[in-house]
Amino acid sequence: MSQVIVYDSPDRSVEDVTNDIRSKFPSVEVLKVAPRRMHLRAPREVFLDLCKFMKDDLSFEHNSCVTPVDYMDHFTVVYHISSWTNHIMAEVQVDLPRDDPTVDSITPLWGGANWHEREAYDLMGVVFKGHPDLRRIMLPEEFRFHPLRKDFTVGRRV
Amino acid sequence: MPSDEMWINMGPQHPFNHGLWNLRVKLKGETITQAEPIIGYLHRGWEKMVENRTYSQIVPLADRLCYGSSLSWNHLYCLTAEKLFGIEAPERAKYIRVAVLELQRITSHLTWLMAVGTDLGSYTIMTWSIRERELFLDLLCKLSGARMTYNYCRIGGVRNDFPENYERDVNRTLDEFERRLRDLESLMDENEPFLMRTVGIGKMDGKTAMNLGLTGPIMRASGVDMDLRRLDPYEVYEDMKFEICTHTDGDVYARYRVRMDEMRESMKIVRQAMAEAPSGPIRVKAPRCPPKGNAVCHVEDPRGESLMYMVSDGTERPYRLKVRSPNFVNLSASPPMLLGFKISDVPAIMGVMDMCIGETDR
Amino acid sequence: MDIDLSFNAMTMTAKQFGEMTKTLVRETMVATGGKKVIDKITAPIWSWGQRNSVYPLHFGIACCALEMAAAGGPRYDVERLGIVFRSSPRQSDVLLLNGWISAKIRPSLKALYEQMPSPKWVVAMGECTISGGPWYDAYNVIQGADTFIPVDVYVPGCPSRPEAMIQAFNMLNKKLTAENRGSFLDD
């Protein structure tokens, strides 16, 4: 049948890729660049465009993880997006205000983010705009709160 | 003959699903037209709970994330914590970890084979792979004192060195297992019903698989040479000589083949790591509280890419600990594999996924 | 028993007739003390049959389920003790709980227990089913199976070894012997 897709040596270096992002999106802040790692912070307005650019032009093929973090005064959604071609894992942080935790969904780009975003909605209450099927996934539908938020305190359940 | 469409619930208690989850399938006649996995039956709030535990208390809890391959989760947690603390395990500990991780990979694949055996109607496959698995459980039991949840890795190394004559025992077991693996393979590769139920079922090509976030043996069976042991090496995998097993067909049979080949490669790695392990300390002391910041780490679990993201606020408890389970994503990608196949193919397609709901639901 | 009905035996349906004869035999046996005698003779036989064929439900929840599977394997081989795993709750006698119970699975578990025909027993295997175990402060875990179904045997361990599971079934065996339950014409 088809050939095996092999990723031998990286096509482009991390610095190269970072410079591309810097020149295309001046509003994206580069936090740290390390071998095989790239840490970015993007405003939520340009986030979806950044992802499109990363997927189409920088060959980031794989969405590893979507992590919402509750910092009490704001939410941060951390995306881990990997490029097997360039051997890079990018970490994109998007800050959201506490009273309006809405961000664009990346499920249309990477299908692997589907359940991660549902889980983030379920446990943290972050709303993803454009998600095809944003429902609770872990907890029963009748749950009325988002347990991973810091203001939800755990009591012993009997 | 025209027939109405109907929804069927397979689960939460169903002989084909190993673990508690529910697969809702919509059937037209016997053909699946829509599928929807429902999970959450084992959700216990792991990520919330660990926010109330100190860093060293989480090590045994990480074991219980996935009981089929507890050591790889244990190791992933320790690796991420080490990154956060800014320490590094000594060289000998790294070799020990690699050897033990590969033993765990073989055990996990045998557990998977056991499940597939019952699903595909061959009880012999199940009993034989349980028999083989016990050999490795004995080895790991000798090392750590537990059969399944080992609690072996520590932040900054491993708990104890190899016991006496361990290398000899491991080599003997591997020699014996190599012979028995051939028997096991002949049990399936020369079995016409097994081939009929696996070849050409649940096809998925590499590009789709990549977009859906599949990782691990399922991804490699679709003809993508993706293994984090190579692409993003951790511990001492850079120095190990092994091949990444791939297959181009992308069907159930290919996934089964990839896992069987992987066991052989794992045996190679175990032998190498045991022979090349340098002498020296096995553990460094970790501080109680890490500095503020975050750390991320991903490793190649027997099931795929598992990732942990840890945020610290400078106290002795993590502020946030997120787990990316490979099965969680693999399961979300299962509906496209099921569409168009018959309902009797469901156990074959979902069986080779190697379901472990403990890590999927967390 | 409605004695009058016995005179209308000819006009009864088969079902009604069966019902009537059953009640008639039963009440006669109870009234004459024959039931007691027969029960005394048959109870050990019933109990022997019961304790040598305890069929647990093939129901894996979490970690201990793997030990349950290992117990079914060649090394421990519980089938020699008459412990055969059945896939349907209608065919099983023992509900073997092996893992933590979340709020989402609790109703289904209750339903499974209710679907099992009587007499039935419950074995709680592992810390999670006994008391919540390591998840004592989790928001979604029920703190012990005995909060909603009666449990007969507790097996400690996290996860408990197959030997412990076998011992639990031996204890259940003793319990069945001591109960000496079994009756001709059920109570």
Side-chain angles (χ1 to χ4, degrees), chain A residues 1-8 10 35-37 39 55 61-72 76 78 80 82-89 91 93 107 109-116 118-120 122-124 133 136-141 143 147-150 152-154 157, chain B residues 36-45 47-49 51-52 205-208 210-215 219-220 222-228 230-233 244 246-250 294 296 298 305-309 311 313 319-324 328-333 336 360-362:
Chain A
M1 217 178 95
S2 54
Q3 284 288 298
V4 177
I5 309 170
V6 185
Y7 302 112
D8 285 335
R36 297 205 209 94
R37 294 282 188 279
H39 299 257
K55 187 186 178 221
E61 303 102 343
H62 175 78
N63 171 264
S64 289
C65 199
V66 179
T67 313
V69 187
D70 181 7
Y71 284 107
M72 307 299 271
T76 301
V78 186
H80 290 100
S82 304
S83 159
W84 306 132
T85 320
N86 298 328
H87 296 207
I88 300 173
M89 183 160 78
E91 184 182 307
Q93 301 186 0
T107 308
L109 300 177
W110 291 287
N114 186 339
W115 277 20
H116 282 305
R118 270 179 76 182
E119 192 202 335
D122 185 357
L123 301 181
M124 197 66 100
D133 180 24
R136 281 189 181 270
I137 179 166
M138 297 290 190
L139 297 168
E141 283 292 338
F143 243 64
L148 277 189
R149 288 190 177 185
K150 285 283 171 183
F152 174 80
T153 43
V154 180
R157 191 190 169 105
Chain B
E36 188 195 3
I38 295 170
I39 59 166
Y41 293 105
L42 278 188
H43 179 67
R44 59 207 189 267
E47 288 166 11
K48 182 76 181 180
M49 236 180 46
E51 288 169 11
N52 292 326
D205 64 294
K207 287 276 174 236
T208 325
M210 209 178 313
N211 188 271
L212 288 177
L214 283 176
T215 43
M219 177 78 150
R220 291 195 280 279
S222 297
V224 183
D225 187 5
M226 182 241 120
D227 193 320
L228 291 173
R230 266 294 147 68
L231 290 181
D232 193 5
I244 296 167
T246 49
H247 211 289
T248 46
D249 288 356
N294 56 40
V296 62
H298 58 170
E305 179 201 21
S306 47
L307 178 145
M308 269 197 195
Y309 178 74
V311 181
D313 57 349
Y319 187 76
R320 175 90 166 89
L321 178 50
K322 162 80 183 175
V323 177
R324 187 248 193 217
F328 183 71
V329 186
N330 289 1
L331 188 59
S332 77
T360 309
D361 289 355
R362 297 182 295 277

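Just so it is clear: chains get the letters A, B, ... in the order the sequence lines come, proteins before strands, and each one is counted from 1.
- With respect to chain B, the highest number of heavy-atom pairs below 4.5 Å among A:T107, A:T67, A:N63 belongs to A:T67.
- In this structure, the portions of B:V224 lying under 4.5 Å from any heavy atom of chain A include both its backbone and its side chain.
- Comment: B:R324 does not engage A:E119 in a salt bridge, judged by the lack of any side-chain N to carboxylate O separation of less than 4.0 angstrom.
- Within the 4.5 angstrom heavy-atom criterion, only side-chain atoms of B:T246, from C-beta onward, approach chain A.
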After noting the C-alpha distance and the side-chain angles of A:L123 and B:H43, does the key distance pass the side chain to side chain contact (heavy atoms under 4.5 Å, CB included) rule? CA-CA 11 Å; A:L123 301 181; B:H43 179 67; 3.8 Å; yes
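- With a threshold of 4.5 angstrom between heavy atoms, B:L214 approaches chain A through N, CA, C or O but not through any side-chain atom.
- At a threshold of 4.0 Å, the pair B:E51-A:K150 counts as salt-bridged, since one of the basic side-chain nitrogens sits closer than that to a carboxylate oxygen.
- Scanning both residues, B:V296 and A:E91, for their nearest heavy atoms gives CG1-OE1, 3.7 Å.
- Interface residue B:E47: backbone and side-chain heavy atoms are both found under 4.5 Å from chain A.
- Contact count against chain A (heavy-atom pairs under 4.5 Å) is highest for B:M210 among B:H247, B:R220, B:M210.
- Of the atoms belonging to B:L307, it is side-chain heavy atoms, and not backbone ones, that fall under 4.5 Å from chain A.
- Most heavy-atom pairs under 4.5 Å with chain B, from the set A:W115, A:W110, A:Y71, A:W84: that is A:W115.
- Using a 4.5 Å cut-off between heavy atoms, B:T360 touches chain A through its backbone atoms (N, CA, C, O) alone.
- Taking NE2 from A:H62 and OG1 from B:T215, the interatomic distance works out to 5.5 Å, rounded to the nearest 0.5 Å.
- For A:P35, no part lies near chain B; criterion is any non-hydrogen pair under 4.5 Å.
- Between chain B and the options A:L109, A:V66, A:I137, heavy-atom pairs under 4.5 Å are most frequent for A:I137.
- Smallest separation of non-hydrogen atoms from A:S64 and B:E305: OG-OE2, 3.0 Å.
- When heavy atoms are compared at a cutoff of 4.5 Å, B:P336 does not approach chain A at all.
- Both the backbone and the side chain of B:F328 come within contact range of chain A, judged by heavy atoms closer than 4.5 Å.
- The main-chain N or O of A:D70 is found under 3.5 Å from a side-chain atom of B:Y319 such that the two form a donor-acceptor pair.
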Could you walk me through whether B:R362 and A:M138 pass side chain to side chain contact (heavy atoms under 4.5 Å, CB included), step by step? CA-CA 9 Å; B:R362 297 182 295 277; A:M138 297 290 190; 4.0 Å; yes
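- In this structure, no portion of B:D227 lies under 4.5 Å from any heavy atom of chain A.
- Contact count against chain B (heavy-atom pairs under 4.5 Å) is highest for A:M89 among A:E61, A:K55, A:H39, A:M89.
- One finds the CE atom of B:M226 at 8.0 Å from the OG atom of A:S82 (value rounded to the nearest 0.5 Å).
- Contacts between A:R37 and chain B at a heavy-atom distance below 4.5 Å involve the side chain alone, from C-beta outward.
- Put simply, OG on B:S332 and NE2 on A:H116 are 7.5 Å apart, with the number rounded to the nearest 0.5 Å.
- Interface remark: A:H80 contributes side-chain atoms only to the contact with chain B (heavy atom separation under 4.5 Å).
- The backbone N or O of A:V78 lies less than 3.5 Å from no partner atom in the side chain of B:K322, so there is not a single donor-acceptor pair.
- Ranked by heavy-atom pairs under 4.5 Å with chain A, the first of B:G45, B:P233, B:G206 is B:P233.
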